[in-house]
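Data first, discussion second: the structure below is written as C-alpha cells.
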Amino acid sequence: MAEMKPAYLITGTDEAKIARTRGRLRERAEGEGGPGALELFDAGEGRRSPDVDALIASLASMSLIASHRYLLVDGVEAWGKTDTQHAIDSLGQIQPETTVAFVAHGKAPAGLAKAVERAGGDVLSFDLPRERDIPKQLVAEARELGFELEPAAARLLLERLGPRPLRLRTELERLALWAGEGGRLGRDDLESMVTDTSEEAIWALADAVVAGDEAETMRLAERLVAQGDALPRIIYSLAPRLRQALRAATELEAGKPAGEVAKGLSMHPYAAKMLVSKVKGRSPEELAASIRAFADLELWSRGGSDYAEGVAFTLSLRMAIGAEADDTEPLAWSL
C-alpha cells in the first residue's frame, strides 16, 4: 500500500471523481483505524464553510489511539482570505503520522495548492471533460471496472442520461455487475437496459404530490437529489403533470366520469388512469396551490430567495402536498 503524504488538495468540477477519491480516503482510514477513523470538517451546524479553528486545533494535536490520523476538510472553496491563510499557516503544524485532505468543489482558494505542495503533499485536479469527450472517458472507466463498453454504447449512455458525472458513474457500476468481469456491452445491449430513471422518478414524484403522500414525496425527492438531478429540470418536468392533475380534478368535480376524464388527458392511457385515481383525494383548489408552490420554487431557483436550494425545495414540496411547516431536515443538494 502506497505511503500517504501529509497533505492533499482535491479540487475540480468532476464530482464523480472527487466522490471516489474521498471514498478511497475514508476506506483507507477505516481500514487502518476502524469506523469513524476519518475526522471530518465540513459546513455543518449552520456554518457556510469548514471550521478552520477546529481544524487548526486538531492538526496540532496527537492521537494516542490511531497509528495514522486522517482529516478531511470538505468545502474549502467557501473559505475567505482569512480562513484560507489560517489553514495555510496551520500546515506547518502537521504532526507526524497525520494526513489532511482539503476538498474544493470547483476552484480552490488562492494559495492553498502551493501551500499543500510546500508541505510535501499533492494536488489532485478533476475537471469535467468537454461533452464530446465524455464517451471516450466512459469507455476508459468501464475498462477500469472490468468490462468493455463499445463507443456507440457510450454515446447512447450520454444521450440517455446527459452529461452528469455522478449519474453516469452509477450507471456504469450497474452495467459492470450485469456484464461481469471481461464482459462486453454494445449499443443494442444498452437499448433495452438503460432507461432514464430520472424521468421515471420525476413522474412518480408528481404522482406522490398529487396524492398528498408526504412520505413518498420526500423519499422520491431525496432520490432525485442524490442522483444529481438539477432543480430547474425537476420543476420543468413536474409542471405538466400537475397541470394535467388539476384538469382531471376539475372535470371530476364537475361530474365527468373517471374513464372519460382519463381518456381526455394527453398521456399514456395507463398513466392517465393512475393519475385520475390519485386525483380523487384532492380538490382543484389544493392542486392549484401545488402548482403555485412550484411556480414560487422556480422563482426561488432563479435567485428570488434567501434559502439554499435544498431548503427551498423541501418547503415547496411540503406546501405542494398541503403539509404544515415542521422541522423536516432540508434536502442536501449536491449539485
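Because the structure is a prediction, the values reported are computed rather than measured.
Checking side-chain atoms of Glu286 against main-chain N and O of Ser283 turns up a donor-acceptor pair under 3.5 Å. Under the 3.5 Å distance criterion, the side-chain polar atoms of Asp189 are matched with a main-chain donor or acceptor of Gly186. Remark: the backbone N or O of Pro50 is paired with a side-chain donor or acceptor of Trp79 at under 3.5 angstrom.
Two residues are said to be in side-chain contact when any heavy atoms from C-beta on lie closer than 4.5 Å; Arg282 and Ser290 meet this criterion. Using a 4.5 Å heavy-atom cutoff, the side chains of Leu317 and Ile321 are not in contact. Here the side chains of His105 and Asp74 are in contact, with some heavy-atom distance below 4.5 Å. Under the 4.5 Å side-chain criterion, counting only non-hydrogen atoms from C-beta, Leu287 is not in contact with Thr250. Side-chain contact check for Leu149 versus Leu172: some heavy-atom pair is nearer than 4.5 Å. Under the 4.5 Å side-chain criterion, counting only non-hydrogen atoms from C-beta, Asp83 is not in contact with Gln85. With contacts defined as side-chain heavy-atom distances shorter than 4.5 Å, the pair Phe126/Thr13 does not qualify. Thr314 is listed as a side-chain neighbour of Met218, based on a closest heavy-atom distance under 4.5 Å.
The number of heavy-atom neighbours closer than 6.0 Å to CZ of Arg26, taken from other residues, nucleotides and ligands shown, is 12 or below.
With respect to the salt-bridge test (charged N to carboxylate O, under 4.0 angstrom), the residues Arg241 and Asp207 qualify. For Glu171 and Arg174, the salt-bridge test passes: some basic side-chain N is under 4.0 Å from an acidic carboxylate O. Under a 4.0 Å N-O distance rule, the pair Glu148/Arg143 qualifies as a salt bridge. A salt bridge does not link Asp133 with Lys136: every distance from a Lys NZ or Arg NE/NH1/NH2 to an Asp or Glu carboxylate oxygen is 4.0 Å or more. Between Arg169 and Glu141, at least one side-chain nitrogen of the basic residue sits less than 4.0 Å from a carboxylate oxygen of the acidic one, meeting the salt-bridge criterion. In summary, Asp122 and Lys5 engage in a salt bridge, as defined by a charged side-chain N under 4.0 Å from a carboxylate O. For the pair Arg219 and Glu216, the salt-bridge criterion is met [side-chain N within less than 4.0 Å of a carboxylate O].
With Leu71 as the fixed residue, the side chain to side chain contact (heavy atoms under 4.5 Å, CB included) test singles out one of Val100, Thr99, Leu40: Val100.
The cluster map of Ile, Leu, Val, Met, Phe, Trp and Tyr, joined by side-chain heavy atoms under 4.5 Å apart, puts Leu55 and Leu72 in different clusters. A continuous path of hydrophobic side-chain contacts links Leu265 to Ile291 [ILVMFWY only; heavy atoms under 4.5 Å]. A single hydrophobic cluster is not seen to contain both Ile18 and Leu168; linkage of ILVMFWY side chains at heavy-atom distances under 4.5 Å, directly or through other members, places them apart. Neither Leu112 nor Tyr8 shares a network with the other; the hydrophobic side chains, linked directly or stepwise wherever heavy atoms of I, L, V, M, F, W or Y lie under 4.5 Å apart, form separate groups for each.
A donor atom on one side chain and an acceptor atom on the other are not found under 3.5 Å apart for His86 and Asp53. A side-chain donor from one of Ser58 and Arg69 sits under 3.5 Å from a side-chain acceptor of the other. In this structure, a donor-acceptor pair under 3.5 Å is absent between the side chains of His68 and Thr98.
Between Leu91 and Val116 the shortest heavy-atom distance is CD1-N, 3.9 Å. The shortest heavy-atom contact between Pro6 and Ile94 is O-CD1, 3.9 Å. Across every non-hydrogen atom of Phe41 and Asp51, the tightest pair is CD2-O, 4.3 Å. Closest heavy-atom contact between Pro165 and Asp14: CB-OD1, 3.4 Å. Gly180 approaches Phe147 most closely through the heavy-atom pair O-CB, 3.9 Å. The shortest heavy-atom contact between Ala110 and Thr84 is O-CG2, 3.7 Å.
Atom CZ of Arg28 and atom OH of Tyr70 lie 4.0 Å apart (nearest 0.5 Å). The distance from the CG atom of Leu185 to the CH2 atom of Trp178 is 5.5 Å, given to the nearest 0.5 Å. Between the CG atom in Leu156 and the CG atom in Asp188 there is a gap of 9.5 Å [rounded to 0.5 Å].
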**Message:** Pair Arg292, Met319 - check side chain to side chain contact (heavy atoms under 4.5 Å, CB included), show working.
**Reply:** CA-CA 9 Å; Arg292 287 195 297 272; Met319 287 188 285; over 6 Å; no

